[in-house]
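The structure under discussion appears below in the form of structure tokens.
So that the names make sense, note that chain A is the first sequence line, chain B the second, and so on, each numbered from 1.
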Amino acid sequence: MPTNHILPTRVYYTIFAILMLCTFATVLIAFFDLGPLNAIAALTIAVFKAVLVVLFFMHVRYSTRLTWAVVAGGVFWLGILLALTLSDYLTRSWQTFG
Amino acid sequence: MSTVLLPPRHYLNDGYGVRSWLLTRDHKRIALLYLAGVTFFFFIGGAMAVLIRLELATPPGDLVTDETYNKLFTMHGVMMVFFFLIPVIPSVLGNFLVPIMIGAKDLAFPKINLLSWYIYVVGGLFTLYALISGGLDTGWTFYTPFSTVASTTNVIPAALGIFITGFSSILTGLNFIVTIHRMRAPGMTWFRMPLFLWSTYATSLINVLGTPVIAITILLVAAERVFHFGFFNPAVGGDPVLFQHLFWFYSHPAVYIMVLPAMGVVSELVAAGCRKPVFGYSFVAFASLAIAVLGFLVWGHHMFVAGESVYSALIFSILSFLVAIPSAVKVFNWTATMYQGAVSWETPMLYAYGFIGLFTIGGLTGLFLAAIGVDVHVTDTYFIIAHFHYIMVGGTIMGYLGGLHYWWPKMSGRLYNEGLAKLSAGIIFIGFNLTFFPQFVVGYLGMPRRYHAYPPEFQVLNVLSSAGASILGVGYLIPMVYLMWSLRYGRLAGSNPWGAVGLEWTTSSPPPTENFTETPRVTWDAYEYPASVETDVA
Amino acid sequence: MPPLFPERASTIAARVDALYFFLLAIAIFFGLLIAGLIVYYAVKFHRRSPSAVGARIHGGMVLEVTWTVVPLLITMVIFVWGASVYFAMAHPPDETLNIYVVGKQWMWKFQHLDGQREINELHVPVGRAVKLITTSEDVIHDFFVPAFRVKADVLPGRYVTIWFQPTRPGRYHLFCAEYCGTRHSGMIGEVVVMEPNEYETWLSGGAAEGSLASAGAKLFQDLACNTCHRPDAQGRGPMLEGLFGKTVTLQSGETVTVDEAYVRESILTPSAKITAGFQPIMPTFQGLVTEEQLLALIEYVKSLQAQPQVTAK
Amino acid sequence: MLPEAAHHHPAGLAHQFDNLEQQKEAATLGMWAFLTTEILFFGGLFMVYTVYRSSYPDAFAAASHELVVWAGTVNTAVLITSSLTMALAVHAAQLGQRRLLIVFLLLTMALGCVFLGIKAFEYYTEFVERHIPGLNYDFEPKYFRNAQLFFSLYFLMTGLHALHMIIGLGIMAFMLWWSVRGVITAEYYIPIEISGLYWHFVDIVWIFLFPLLYLIGRHAH
Ligand code: HEA
Ligand code: HEA
Ligand code: CUA
Ligand SMILES: [Cu+2]
């Protein structure tokens with residue numbers, strides 16, 4: 001039977017520790033004024049945390065290429081939705097009607 | 001060959017009671033359940049179209065009130081799009097054929113397949129309730145802020161109905177994707193699959209990636225109506241145009257949900273009708289995927305005059321042209337397939353001709369709309385109505401009817417009356433063009449859509465259109481009659497009445513519950529015809 | 001014989017039609033090509049014996065490339081052409097006759113700068129570029145004059161501009177082209193294009209209560225705007241003279257151009273963009289002014305443009 | 001049902017599959033495909049959020065400031081811990097350690113309940129402070145209108161997330177029942193694995209909701 005990638009529990013505990021640290025860090029950073037960096041930092045940390053969960057807790061790191069493709073596809077499509085909609089919002093004020 | 005008999009054991013006689021149908025997990029029976037559902041909604045939607053055309057036969061709004069008229073086209077659009085055209089080919093032909101064509105016993109998740117039919121029915125009931133309890137008048141596009149603050153009709157039940165049905169599309173799409181990835185018979189490689197499967201796969205991708213967005217959009221509209229959240233309400237800083245982005249993010253790709261499966265059917269029909277491999281198999285296959293992906297990048301072409309930015313409009317315009325290319329590639333390949341074929345004039349092939357011709361007209365007029373300068377004039381006029389009916393009615397319904405006729409002997413084990421079938425195909429073709437061609441003209445003249453009354457100078461063209469619709473209606477009723485009739489009195493079909501290749505023609509008609517007596521091993525490409533074929537008809 | 005082609009009564013109409021005919025030619029060409037080939041092949045290669053089989057042709061690279069690249073090139077031509085027509089539609093010339101338009105369920109209200117108001121009928125002179133500044137009181141409407149080939153959605157909460165230059169006197173259909181509820185098909189009217197001198201007579205003939213800007217000036221008093229916005233920079237609010245069209249710096253450091261939308265926002269949501277150097281004390285007038293009054297105020301603010309010299313005296 | 005006795009038939013193998021490996025791959029792919037639909041489902045909300053946050057940054061910051069940040073932080077920690085216990089539950093299932101599996105499932109569910117409890121407390125706080133649009137909304141006049149958009153998004157996003165948690169708890173209850181009954185074995189642990197995927201996904205959604213709703217703009221006040 002496919003008892004392949006059974007990870008040692010150590011991996012899970014390590015990831016858990018990193019995730020908790022990240023949570024602490026993101027809350028901490030939020031209380032300092034870094035200008036636009038605040039939002040960037042918060043989102044970067046969130047992406048990092050999500051990637052850890054996906055790769056290790058959800059075993060994608062050890063999964064087939066197809067699973068990778070599905071995950072990447074979902075994120076990519078979300079990107080399409082955001083990018084093309086924002087292409088409207090960000091350029092609306094460019095209109096220079098006399 | 002007169003020894004054709006019904007197989008002793010097949011999916012239709014494997015249990016007779018109501019429960020054996022309503023609790024079935026056999027994809028073939030579920031396909032028939034869907035057949036009943038979509039046909040029902042087609043005739044309801046069609047009845048509303050008849051009333052619309054009756055009203056528009058004269059310029060003043062005299063047959064029904066303006067309120068009723070608005071409800072008519074709204075419910076017509078909603079029923080036809082969400083409850084007929086989106087499910088029709090995937091759920092009926094797809095359900096029946098996907099497992100058989102790849103040599104599997106069933107879909108990957110048979111229970112989920114049954115569940116999606118029930119979800120579809122429940123969604124349909126909600127929408128029917130919206131219809132019966134007074135209707136809905138927002139247009140099928142639910143534009144805000146009209147749908148959220150102004151309309152006093154049954155927005156919520158109808159929205160819920162669409163929301164629920166969406167899950168049925170998602171689950172069906174998911175089932176097909178997993179099945180095609182994981183359940184192919186030994187030797188059935190991706191590039192040996194019939195093209196119908198490629199297009200079904202592409203359609204399923206859209207279902208899975210697009211439908212959730214319409215679900216959340218509808219939820220936002222409902223929340224806005226109930227709690228007055230204000231996402232789309234300028235009074236609290238919301239932007240009504242944001243709704244349109246969300247709506248079309250799904251609803252443009254959805255038009256490819258409606259046409260891709262029909263394209264897949266037509267590939268099968270052309271191959272079998274010419275007894276010949278489809279010209280440029282891999283180009284047609286990849287064109288399906290290209291349409292599915294590019295189809296997600298063009299939604300803003302519905303918003304050229306809606307207040308989106310000039311620059312955004314340019315991006316969406318150029319992308320819309322790009323998505324037309326793979327469709328063009330397909331049309332050319334189908335046509336080229338006929339070259340040196342053994343071309344049949346049987347009913348399925350007639351529908352295939354109809355599809356290619358009418359889809360081409362519909363598609364080419366899509367280019368008019370993608371060209372922003374022209375779209376500004378024709379958007380929201382009857383030109384649009386004509387454009388999409390050419391593709392959806394002239395294209396998809398023709399493809400569907402062609403497929404239904406082609407696989408009918410497989411599904412039922414019996415042949416229909418060829419003469420009547422050809423006659424009704426002709427009536428449908430003529431009626432169709434008479435209905436919708438004048439609408440291009442009246443659209444360019446400037447007649448806006450969703451108009452209950454119109455200036456008298458548009459009358460002649462509208463009368464032509466109404467006359468065409470009556471012919472079309474008759475054309476659609478005839479197949480109902482002879483197909484039903486064939487169930488009892490039709491000649492037995494045998495396993496391969498068309499002399500076609502493909503796994504579905506190697507099993508009996510109707511197929512056994514497990515589809516094949518033993519799992520097939522595939523060693524040949526799709527559409528590989530031997531030097532001559534034998535048909536198998538009583 | 002009913003008309004089969006719409007009248008052409010604006011400068012842009014001919015350009016739209018030219019592209020339309022080009023597209024029509026392409027559509028007819030490809031339509032006939034495909035239909036012709038289908039019929040020809042269906043007859044020529046008609047299956048003659050029940051066991052006949054077609055030739056084993058799998059494809060051809062040259063053909064595939066041809067029918068990918070040729071349509072691609074054609075569509076790119078259409079794209080550029082369509083975009084250039086659209087650009088012309090989107091950018092009004094510098095000198096325009098401005099008219100304000102308010103759509104509401106289910107009528108069109110027009111407000112001329114000289115004070116005339118009209119409902120469902122719009123009078124404009126021939127040969128001059130007309131710019132409409134449109135907004136809606138309720139849901140989305142759409143201003144559509146087929147003879148001019150212009151159309152744009154009229155949005156609540158925003159100002160959408162539409163421009164056209166009529167070329168022929170006459171009466172033309174005006175339709176609401178965005179579905180807006182029960183009497184959507186009744187939200188129609190006429191655009192009356194007149195010779196310039198007739199137009200002048202019409203303008204002076206109307207019982208105007210003074211120009212739109214003067215109505216705005218009166219409102220400015222009545223709503224007590226002038227208690228804070230004074231012409232001498234002594235008020236608690238910024239001086240509005242010469243403001244329109246300029247850029248102002250906000251508290252956040254950003255800059256914005258003062259256009260109709262900005263003035264509107266300043267009146268309805270003053271807190272959204274605070275001008276640098278001022279306190280956020282301006283009250284909101286949301287719900288206190290109608291869309292039409294807003295337009296009058298905007299026009300008044302615009303008219304303050306020319307006055308610095310006058311007030312300087 | 002069909003007689004299926006002809007060949008060896010492992011427990012849990014459905015008739016349409018050839019073997020458990022194929023069934024596992026199908027189920028996993030099915031769940032992942034489903035999760036992509038979830039990405040786009042929440043994605044629609046993220047888009048609405050992005051548009052309005054960038055249009056009204058000040059009002060959003062002011063409104064965000066009203067949320068109970070410690071509660072959000074604790075809840076983040078709770079969910080991450082529940083993800084850990086979920087991962088350990090899958091691990092136990094893979095090894096066929098039934099007792100451990102049950103313990104971890106129970107822990108996961110308990111943490112899920114704690115999360116919902118804290119969430120309910122937060123909702124109550126917002127109710128008391130009159131922040132619920134359509135019900136009892138009130139806010140400082142300066143940001144009255146636009147802050148409403150923030151709270152609408154807050155309730156919709158966290159509400160849908162909470163709904164997913166509740167569904168997740170239902171699934172976990174089901175898994176618990178199967179584990180107790182011994183349906184889950186080292187050979188047939190797929191159900192736990194794919195339920196775990198769902199649970200982790202719901203966690204990821206929160207990982208994004210937390211900074212977006214509670215943290216960005218926090219320093220400004
Ligand atoms: C199944 C449905 C379907 C399909 C497949 C399409 C296909 C296309 N559609 Fe259509 N469309 C609709 C259904 C569909 N549409 C609906 C329902 C609406 C209105 C919704 C509403 O508002 O209610 C609409 C509206 C619509 C608009 C918005 C109009 C408006 O509201 O202002 C636009 C604009 O770009 C557009 C463009 C296109 C294009 C470029 C294609 C292309 O994919 C077409 C590609 C096909 C071809 C090009 C034909 C084959 C080609 C040849 C034979 C060779 C020659 C080719 C070239 C030279 C390129 N469509
Ligand atoms: C799959 C999609 C689909 C299909 C198949 C059709 C089919 C038809 N449609 Fe429609 N249509 C839409 C999708 C579709 N439509 C959409 C999305 C809109 C836009 C809605 C909106 O603006 O919101 C629209 C709008 C629309 C309009 C514009 C209304 C307006 O803007 O004011 C018109 C007008 O002619 C029309 C006509 C027709 C006709 C004549 C048919 C014919 O093909 C129908 C033929 C079928 C029959 C005629 C049924 C046969 C049965 C009988 C005759 C029995 C009758 C039974 C009883 C009376 C009990 N449709
Ligand atoms: Cu106003 Cu339609
Ligand atoms: Cu589209």
Side-chain angles (χ1 to χ4, degrees), chain B residues 14 25 27 99 104-112 166-167 170-171 173-175 177-179 181-183 185-186 204-205 207-220 223-224 226-233 235-239 241-243 245-246 249-250 513-515 519, chain D residues 1-4 14-19 21-52 55-56 59-60 132-135 137 139 143-157 159-160 163:
Chain B
D14 187 359
R25 289 170 209 162
H27 63 102
K105 296 196 201 98
D106 204 327
L107 289 173
F109 310 115
K111 282 188 217 159
I112 290 186
F167 285 95
I170 292 178
L171 292 178
L174 219 139
N175 224 332
I177 290 179
V178 174
T179 305
H181 269 288
R182 292 289 182 232
M183 313 278 288
S204 305
L205 287 183
N207 271 325
V208 164
L209 292 164
T211 319
V213 177
I214 192 77
I216 190 69
T217 311
I218 285 175
L219 218 55
L220 287 172
E224 186 132 354
V226 179
F227 304 113
H228 307 287
F229 276 173
F231 297 127
F232 308 125
N233 183 359
V236 297
D239 178 10
V241 179
L242 182 58
F243 167 85
H245 278 296
L246 287 164
F249 178 83
Y250 165 74
T513 302
E514 298 273 284
N515 293 343
T519 307
Chain D
M1 280 276 34
L2 295 159
E4 199 74 44
H15 80 99
Q16 71 272 22
F17 295 109
D18 296 332
N19 53 46
E21 178 68 22
Q22 189 192 27
Q23 178 168 355
K24 176 183 177 213
E25 285 182 347
T28 314
L29 177 59
M31 183 43 102
W32 274 109
F34 178 74
L35 293 183
T36 56
T37 71
E38 291 275 24
I39 294 181
L40 281 138
F41 184 76
F42 281 101
L45 287 175
F46 284 125
M47 191 183 93
V48 176
Y49 172 91
T50 314
V51 166
Y52 291 132
S55 309
Y56 311 115
F60 268 52
I132 307 186
L135 189 65
Y137 179 72
F139 204 74
Y143 296 124
F144 182 86
R145 296 194 319 141
N146 300 336
Q148 186 173 339
L149 289 175
F150 177 87
F151 285 109
S152 302
L153 273 168
Y154 168 78
F155 282 107
L156 211 62
M157 292 172 114
L160 280 175
L163 186 68

Q | Value rounded to 0.5 Å, distance of CD1 in B:I214 from CZ in D:F41 | A | 12.0 Å
Q | Which atoms of B:P99 approach chain D - backbone, side chain, both or neither, heavy atom under 4.5 Å | A | neither
Q: Name the option with the most non-hydrogen atom pairs under 4.5 Å to chain D; the candidates are B:P212, B:A235, B:G210.
A: B:P212
Q | Region of B:A223 in contact with chain D, defined by heavy-atom distances below 4.5 Å | A | side chain
**Q.** Candidate pair D:L135 and B:F227, rule side chain to side chain contact (heavy atoms under 4.5 Å, CB included), full reasoning
**A.** CA-CA 7 Å; D:L135 189 65; B:F227 304 113; over 6 Å; no
Q: Find the distance between OG (D:S152) and CD (B:E224) and round it off to the nearest 0.5 Å.
A: 8.0 Å
(Q) Measuring from atom OG1 of B:T217 to atom CE of D:M47, what distance do you get when rounded to the nearest 0.5 angstrom? (A) 8.0 Å
Q | Inter-residue atom distance D:D18.CG - B:R182.CZ, 0.5 Å rounding | A | 13.0 Å
Q: Under 4.5 Å heavy-atom distance to chain D, tell me which part of B:F249 shows up: side chain, backbone, both or neither.
A: side chain
Q: Output the option from D:A26, D:S55, D:A59, D:A27 having the highest count of non-hydrogen pairs under 4.5 Å with chain B.
A: D:A26
Q: Please report the closest heavy-atom contact between B:V213 and D:L40, naming both atoms and the distance.
A: CG2-O, 3.7 Å
(Q) Heavy-atom cut-off 4.5 Å, strictly under: side chain, backbone, both or neither for D:Y52 against chain B? (A) side chain
Q: Select one option (side chain, backbone, both, neither) describing which atoms of B:I170 are under 4.5 Å from chain D's heavy atoms.
A: side chain
Q: Counting only heavy atoms closer than 4.5 Å, note whether D:Y56 contacts chain B via side chain, backbone, both or neither.
A: side chain
Q: Measure B:N207 against the heavy atoms of chain D and call it side chain, backbone, both or neither at under 4.5 Å.
A: neither
**Q.** Contact winner vs chain D - B:L174, B:N175, B:I112, heavy-atom pairs under 4.5 Å
**A.** B:L174
Q: Name the option with the most non-hydrogen atom pairs under 4.5 Å to chain D; the candidates are B:V226, B:L209, B:L219, B:T179.
A: B:L209
Q | Smallest separation among heavy atoms of B:V236 and D:N146, with atom names | A | O-OD1, 3.1 Å
Q) Can B:D239 and D:V51 be said to form a side chain to side chain contact (heavy atoms under 4.5 Å, CB included), step by step? A) CA-CA 9 Å; B:D239 178 10; D:V51 166; 5.7 Å; no
Q | D:F17 to B:M183 - nearest heavy-atom pair and separation | A | CE2-SD, 3.3 Å
Q. Under a 4.5 Å cut-off applied to non-hydrogen side-chain atoms, are D:V48 and B:L246 in contact?
A. yes
**Q.** Beyond-backbone contact of D:L153 with B:F231, side-chain heavy atoms, under 4.5 angstrom
**A.** yes
Q. Of all of D:A33, D:G43, D:A147, D:G30, which one pairs up most often with chain B through heavy atoms under 4.5 Å apart?
A. D:G30
Q.
Ignoring hydrogens, what is the shortest heavy-atom contact between D:Q16 and B:P110? Give both atom names and the distance.
A. NE2-CD, 2.8 Å
Q. Side chains of B:T211 and D:T37: does their closest heavy-atom pair fall under 4.5 Å?
A. no
